[in-house]
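Accompanying notes for the structure given below.
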Amino acid sequence: MPEGRSFYITTPIFYPSDVPHIGHGYTEVAADVLARWHRQAGDDTWLLTGTDEHGQKMLRTATANDMGPREWADRLVRESWLPLLETLDIANDDFIRTTQERHERGVAAFVQRLFDTGFIEAGDYEGYYCVGCEEYKQTSELVSGTGRFEGQLVCAIHSIPVELLQERNYFFRMSEFQDRLLALYEERPDFVQPESARNEVMQFVRSGLSDLSISRSTFDWGVKVPWDERHIVYVWFDALLNYVTAIGYDGDEATFARRWPAVHLVGKDILRFHAVIWPAMLLAAGLDVPKQVFAHGWLLVGGEKMSKSKLTGIAPTQITDTFGSDAFRYYFLRAIPFGQDGSFSWEDLAARYQAELANGFGNLASRVLAMVGRYRDGVVPAATEAGESDLRIREVVRASAIEADLAIERMAPHDAVAAIWRIVDDLNLYLTQEEPWALAKRPEAAGRLDAVLATAAEGLRALAVLLSPVIPKACAKLWAALGAEPALGPLLQQPIRAAGDWGQLPAGTRVGTLEPLFPRIEQEALSA
Ligand code: MSP
């Protein structure tokens, strides 16, 4: 496949202090669907994910579990975070851990560069620190505690008490970048998206930027500040740099030039780090700012952000064990407009699984293949008598494929899935109206039956290609059953931007049978 334009997409790197929940899975899936789409379009794609292993939160959790932080991280990465990628069928190209040598070396080189050019200097700081966020907080971001934290100031996000810290630290002169950042948001409206996120960031930066404390000396789990080894680099300053250290910032100029800049997907709670601090760091170092920072919403349970610390965390395997990874991927992308919050409910998941995946798509695929088997001995016929209704299907396929690609471009995967689903719905309607089972009973209608079966099979060909970034397992099964590979090649090499071009599956293709792609789920499994 020819290498097209670069598409480098990242997820946040996760704290492996705890196990993943479906909120983390959601970001992984969204990034993976976008990456798979671009890869299949022939873009020079790279998907990076990983873990954020330094800082106080990691150190404290490890200590509480009688382990060293490195050991703790190793264990959680091995037992929980790498398996998450398997569970959700994520085709990442790299996995960075901030304890890796390539990263630590890059962080040291980066801070040294900023120190040498005068963007980092020593100073004193006193402020409230939230270990949950790993961030100093303004008093406006704190609320009064309740229950066992009555009488204390707590973080509005984590509902745990903040700590008053006083340190002599190194500071990044972020305040100098206010005007350049505002100009960036103005000149490149796409830089921060969606619009609500952009507005929030602009308002925040307009209200003034302070310098940022970027070192700690009260504990030592982090990257040492190269010119003063009593300090370690602040965990967020360290973590943000993963996006460049993973692609050769310190040592592999060619790869860095090929991949950078990136599209960053982040949850809205960590938007400011990515849309304010991170571009300021890059500007100070004379590097390009990211292509885009896109903030997605939260998965809510009972109206609140789902979280482990609030005991509302749901493990991704709880869903995939019953419904499979394709259903997880489909459900979260389809049900939640990307960029907005979405309430998770088992009922909604089960209902969409049954109506859309099993009855809508799965059933369509099995029916068409079974009819080609039964009425034409498993060989896709030539469509000699194409009629009005067949042409309408062609047009829907063409238009939906174009619309889906445009939706992916504007980071609206939910719209892309909805556009592709028009093909599913229209093909189902087409079969109901054309009644191939009735045509099969009338020998004089053989030409029409050929056209209907050929149209439906070609529609499935387009669906397999277009849906493969979203539900890769089901589409691989469909591709095999369609018998498309001998004529068209492997599914993952089908150029997705040409998926809507009609007439690719040749007449004479021999199809196989297809087990239900989305089998019925027993009631007991749902109530378990
Ligand atoms: N380690 C930092 C990120 C550093 S990136 C340079 C971090 N890690 S985290 O593990 O706490 O969170 C990672 C991501 O998970 C964030 O984008 C956050 O928004 C997301 N989510 C955590 N809970 C979530 C939901 N309930 N719903 C959706 N996403 C959620 O922050």
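One-based numbering, in listed order, for ligands and for the atoms of each.
Note: F177 and F119 have tilted aromatic rings, judged against thresholds of 30 and 60 degrees for the angle between ring planes. Taking the six-membered ring where the residue is Trp, H24 and H21 present parallel rings, their angle staying beneath 30° rather than reaching 60°. Ring geometry for F361 against F518 counts as tilted: the plane angle lies between 30° and 60°, on a 0 to 90° scale. Using bins of under 30°, 30° to 60° and over 60° for the plane-to-plane angle, the ring pair Y243/H274 lands in the tilted bin.
Residues S215 and I232 fail the side-chain proximity criterion, which asks for heavy atoms closer than 4.5 Å. Using a 4.5 Å cut-off on side-chain heavy atoms (C-beta onward), V33 and F338 make no contact. You'll find the side chain of S468 reaches within 4.5 Å of the side chain of L492, heavy atoms only.
Residue F14 is tested with Y26, F95, W81 for a ring-ring contact (aromatic ring centres under 6.0 Å, His included); the sole match is W81. Across F237, Y170, F171, F219, a single residue satisfies ring-ring contact (aromatic ring centres under 6.0 Å, His included) together with H231, and that is Y170. Results of the salt bridge (Lys or Arg N to Asp or Glu O under 4.0 Å) test with E200 over R272, K268, R206 single out R272 as the only residue that passes.
Applying the side chain to side chain donor-acceptor pair (under 3.5 Å) criterion to D89, with sequence neighbours excluded, gives no partner residue.
Those atoms of ligand 1 with a heavy atom of H296 less than 4.0 angstrom away are 28 (C), 29 (N). Ligand-side atoms of ligand 1 in range of G267: 17 (O), 19 (O), range being under 4.0 angstrom from any heavy atom. Residue H274 has at least one heavy-atom neighbour below 4.0 Å for each of these atoms of ligand 1: 5 (S), 6 (C). Applying the 4.0 Å criterion to heavy atoms of G297 picks out, from ligand 1, the atoms 28 (C). Ligand-side atoms of ligand 1 in range of A239: 6 (C), range being under 4.0 angstrom from any heavy atom. Shown in contact with P12 at under 4.0 Å from a heavy atom are these atoms of ligand 1, numbered in order with element: 5 (S), 17 (O). Residue-ligand proximity, D52 to ligand 1, at heavy-atom distances under 4.0 Å covers atoms 1 (N), 2 (C), 4 (C).
Seen from the ring of F191, R198 does not count as a face-on cation partner, given the 6.0 Å and 45° thresholds.
Residue, atom and distance of the protein heavy atom nearest to atom 20 (C) of ligand 1 are H24 CD2, 4.4 Å. Of the protein's heavy atoms, Y15 CD1, 3.3 Å lies nearest to atom 8 (N) of ligand 1. For atom 14 (C) of ligand 1, the closest heavy atom belonging to the protein is F14 CE2, 3.6 Å. Protein heavy atom in closest approach to atom 19 (O) of ligand 1: D269 OD1, 2.5 Å.
With a heavy-atom cut-off of 4.0 Å, H21 touches ligand 1 through its side chain alone. Contacts of F273 with ligand 1, taken as heavy-atom pairs under 4.0 Å, are absent altogether.
Residue Y243 has no N or O atom closer than 3.5 Å to an N or O atom of ligand 1. The shortest N or O to N or O distance between K268 and ligand 1 is not under 3.5 Å. At a 3.5 angstrom cut-off on N or O pairs, N242 does not count as close to ligand 1. Of the polar atoms of M306, at least one N or O is found under 3.5 Å from an N or O of ligand 1, judged by distance alone.
The option from D18, L299, V301 that lies nearest to atom 28 (C) of ligand 1, judged by heavy atoms, is L299. Scanning L271, I270, I13 for the heavy atom closest to atom 2 (C) of ligand 1 points to I13.
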